S.K.: 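Below is a structure I'd like to ask you about.
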Amino acid sequence: SARLPHATTEMLLLFETPAGFSLFKVKDEGKLEDAEALEKAFSTPEGAKKMVSLKAFTKFDNTAEALAAAASLVDSKLGKDLKKFLKKHAEGETLALADPKLGGIIKEKMGIACVYSSGVMELMRGVRYQLNELVGGLTDKDIAPMALGLSHSLSRYKLKFSPDKVDTMVVQAIGLLDELDKELNTYAMRVREWYGWHFPEMTKIIADNMQYAKSVLLMGDRARAADHDFSGVLDEEIENDLKDAAMISMGTEISEDDLNNIKQLADQVVSLSEYRIQLYDYLKSRMNAIAPNLTVLVGELVGARLISHAGSLINLAKHPASTVQILGAEKALFRALKTKHETPKYGLIYHASLIGQAAPKFKGKISRVLAAKCALSIRVDALGETSEPTIGIESRAKVEARLRQLEGKTLGVASGVAKGKPDVKKHDKGRSSDTPALLTAPKSYNPDSDATEKKKEPKSEKKDKKKRDEEEEEGGDEKEAKKAKKEKKEGKEPKSEKKEKKSEKKEKKEKKEKA
């Protein structure tokens, strides 16, 4: 807070009221630093009058003048009326006020020393509390309507939106356009069904609803079809087909009264169609004024539907690109999250021409790129000051380049000019090379196939083997006989006899147990 100057000059307090500007002379500057002392002083009218006294007051002549003064104070600007008032009453004095920015401007332009501090704010609070007593002739009944009127005027003034930037018109227009399309379709189908009883062949000949309704109005009874010229409504070929069909029609005869009712409905269809064209032109001009960049990217209808769905252009600007991408597909998104399936790749943005140009497999990628560019464009439209769609044109060019890049990749692969190394497929034992989509059954282990074939040996070798085997057997018997002789000499029993004895003992034990 700024230091208060010594009392070589008077300190004046600038106070704004709904009725006019007022200047109060501060009598006791020493108490400004003491908040409690100020609170006590302003608790009574007498104490307030000891602290400050009214030096000058200028009244606003009308609401417009009050609004201009209030608006300039809100923007921290020095208005003409305030400048005159200060020049007359505060030149050469020290001015205490609530807005330091305004104080700086006053000091710069008028050379009046200005003070802003917490003490000044407390002083302001006290003056506001005892205003009726300090300014003679002002009562609550006088100030209340002035304050109310000024607050309403100031609120209107603060809404500094240009009429061209009001997005409510777009929201209403797109809503009406969608409703008109539904109504027109219902009415047109009713005309076809109703007049079809009289002239059923005409439904297949004329496909366009507008042309059908105009033809019904022009022709009336099918018997008079040959007398009318349909060149202003239909092509020559269709006109000839219609006249030929009218001659051999299978429809029923209808009365003049029925025909008049059908004509009235057809007239409604024609007038609604004409109004729809007019409304579309209006929506087009509004969108070019409100959101030129968004319009360049996605078109008038899709842009208007996005704004309508979000509520306003500012609300749409607050959305991230990921939300803009699926705006309008909330039901599908939450269903996907609930069932743990894939989330939707696009919402209202799907109807944009750039996504329509993309191949089905690239629609998701292009919608993501387009949504990112849309999010930038919307923010420029909502918060920027330029009315030229420079960002939109640049963004559209980038999205188109991305689309061409994706399509170029697929063309390269199709023509066999793929960039980089070719993809080497991993070998899978479970899949056959001819039909890789089908899993082949794994083969079971066959141990017989592991056995090796026995080679045929010559007869001479077989004889030699037999002899060797016989000799080995004879040699073995001789060795056993020699061992038995040695054991007898030493007084030991041969192993064969021991075994026999053991077996005999076991047999005897088993017999005893059984007995």
Side-chain angles (χ1 to χ4, degrees), residues 167 170-171 174 178 283-284 286-337 340-415 417-420 423:
D167 49 12
V170 167
V171 174
I174 192 67
D178 290 340
L283 181 67
K284 210 172 180 179
R286 285 261 119 289
M287 279 299 294
N288 283 320
I290 291 164
N293 292 292
L294 181 63
T295 306
V296 166
L297 269 174
V298 294
E300 297 86 13
L301 290 175
V302 176
R305 285 197 177 97
L306 286 170
I307 292 169
S308 176
H309 197 84
S312 68
L313 188 63
I314 293 289
N315 287 355
L316 187 61
K318 291 174 186 174
H319 289 319
S322 55
T323 307
V324 172
Q325 185 182 344
I326 57 165
L327 210 64
E330 289 85 1
K331 204 173 178 181
L333 172 69
F334 291 119
R335 185 172 62 240
L337 291 172
K340 294 182 181 177
H341 284 82
E342 287 185 0
T343 51
K345 291 177 183 175
Y346 26 67
L348 290 167
I349 209 170
Y350 178 80
H351 300 288
S353 59
L354 283 166
I355 294 175
Q357 291 169 23
K361 60 179 175 180
F362 298 134
K363 284 189 191 293
K365 286 183 179 179
I366 292 298
S367 68
R368 189 169 67 247
V369 174
L370 184 61
K373 298 299 178 190
C374 278
L376 289 173
S377 300
I378 292 157
R379 285 164 199 169
V380 171
D381 290 333
L383 308 167
E385 293 178 0
T386 56
S387 57
E388 295 298 318
T390 49
I391 299 285
I393 293 164
E394 287 173 18
S395 300
R396 188 178 176 92
K398 284 176 184 175
V399 176
E400 285 172 350
R402 176 67 178 146
L403 180 59
R404 284 196 298 274
Q405 184 190 2
L406 288 169
E407 286 173 349
K409 278 183 183 177
T410 51
L411 286 170
V413 171
S415 60
V417 195
K419 288 183 180 179
D423 292 338

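Numbering of residues begins at 1 and proceeds along the displayed sequence. Atom set for the values below is all heavy atoms of this structure, side chains included, hydrogens, waters and symmetry mates excluded. Since the model is a prediction, treat every value here as computed from it, not as a measurement.
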S.K.: Determine, stepwise, if the pair Lys365 / Leu406 fulfils side chain to side chain contact (heavy atoms under 4.5 Å, CB included).
M.R.: CA-CA 9 Å; Lys365 286 183 179 179; Leu406 288 169; 4.1 Å; yes

S.K.: What is the distance from atom OG of Ser322 to atom CG of Leu327, rounded to the nearest 0.5 Å?
M.R.: 10.5 Å

S.K.: Can you find a heavy atom in the side chain of Val380 that is under 4.5 Å from one in the side chain of Leu376?
M.R.: no

S.K.: As an exercise, state the distance from CG of Asn293 to OG1 of Thr390, rounded to the nearest 0.5 Å.
M.R.: 6.0 Å

S.K.: How close do Val302 and Ile349 get, counting heavy atoms only, and between which atoms?
M.R.: CG1-CA, 4.2 Å

S.K.: Going by heavy atoms in the side chains, are Arg368 and Gln325 under 4.5 Å from each other?
M.R.: yes

S.K.: Less than 4.5 Å apart, any side-chain heavy atom of Glu388 and any of Ile393?
M.R.: no

S.K.: Measure the shortest side-chain to side-chain distance between Leu294 and Cys374 over non-hydrogen atoms and say whether it is less than 4.5 angstrom.
M.R.: yes

S.K.: Roughly how far apart are Ile378 CD1 and Leu383 CG, rounded to 0.5 Å?
M.R.: 11.0 Å

S.K.: If you measure from OG on Ser377 to CZ on Arg396, what distance do you get to the nearest 0.5 Å?
M.R.: 11.0 Å

S.K.: At their closest point, which heavy atom of Tyr346 faces which heavy atom of Ser367, and how far apart are they?
M.R.: CD2-OG, 3.7 Å

S.K.: Around Lys284, counting heavy atoms of other residues, nucleotides and ligands shown, do more than 12 lie under 6.0 Å from its NZ?
M.R.: no

S.K.: Could you tell me whether Glu394 and Lys398 make a salt bridge, using a distance below 4.0 angstrom between a side-chain N and a carboxylate O?
M.R.: no

S.K.: Which heavy-atom pair separates Asp167 from Ile290 by the least distance, and what is that distance?
M.R.: CA-CD1, 3.8 Å

S.K.: Do Thr343 and Ile326 have side chains that approach each other closer than 4.5 Å (heavy atoms only, starting at C-beta)?
M.R.: no

S.K.: Under the 3.5 angstrom rule, does the side chain of Glu330 hit a backbone N or O of Gly328 as a donor-acceptor pair?
M.R.: yes

S.K.: So which atom in Glu407 and which in Gln357 form the shortest heavy-atom distance, rounded to 0.1 Å?
M.R.: OE2-O, 4.0 Å

S.K.: Can you tell me how far CD1 of Ile391 sits from NZ of Lys373, rounded to the nearest 0.5 angstrom?
M.R.: 9.5 Å

S.K.: Using the rule side-chain contact (heavy atoms from CB on, under 4.5 Å), only one of Leu354, Val399, Ile355 pairs with Val369; which is it?
M.R.: Val399

S.K.: I need the minimum non-hydrogen distance between Leu370 and Leu297, along with the two atoms involved.
M.R.: CD1-CD2, 3.9 Å

S.K.: How far apart are the closest heavy atoms of Val324 and His319, and which atoms are they?
M.R.: CG2-CB, 4.1 Å

S.K.: Distance from Asn288 atom CG to Leu283 atom CG, nearest 0.5 Å?
M.R.: 9.5 Å

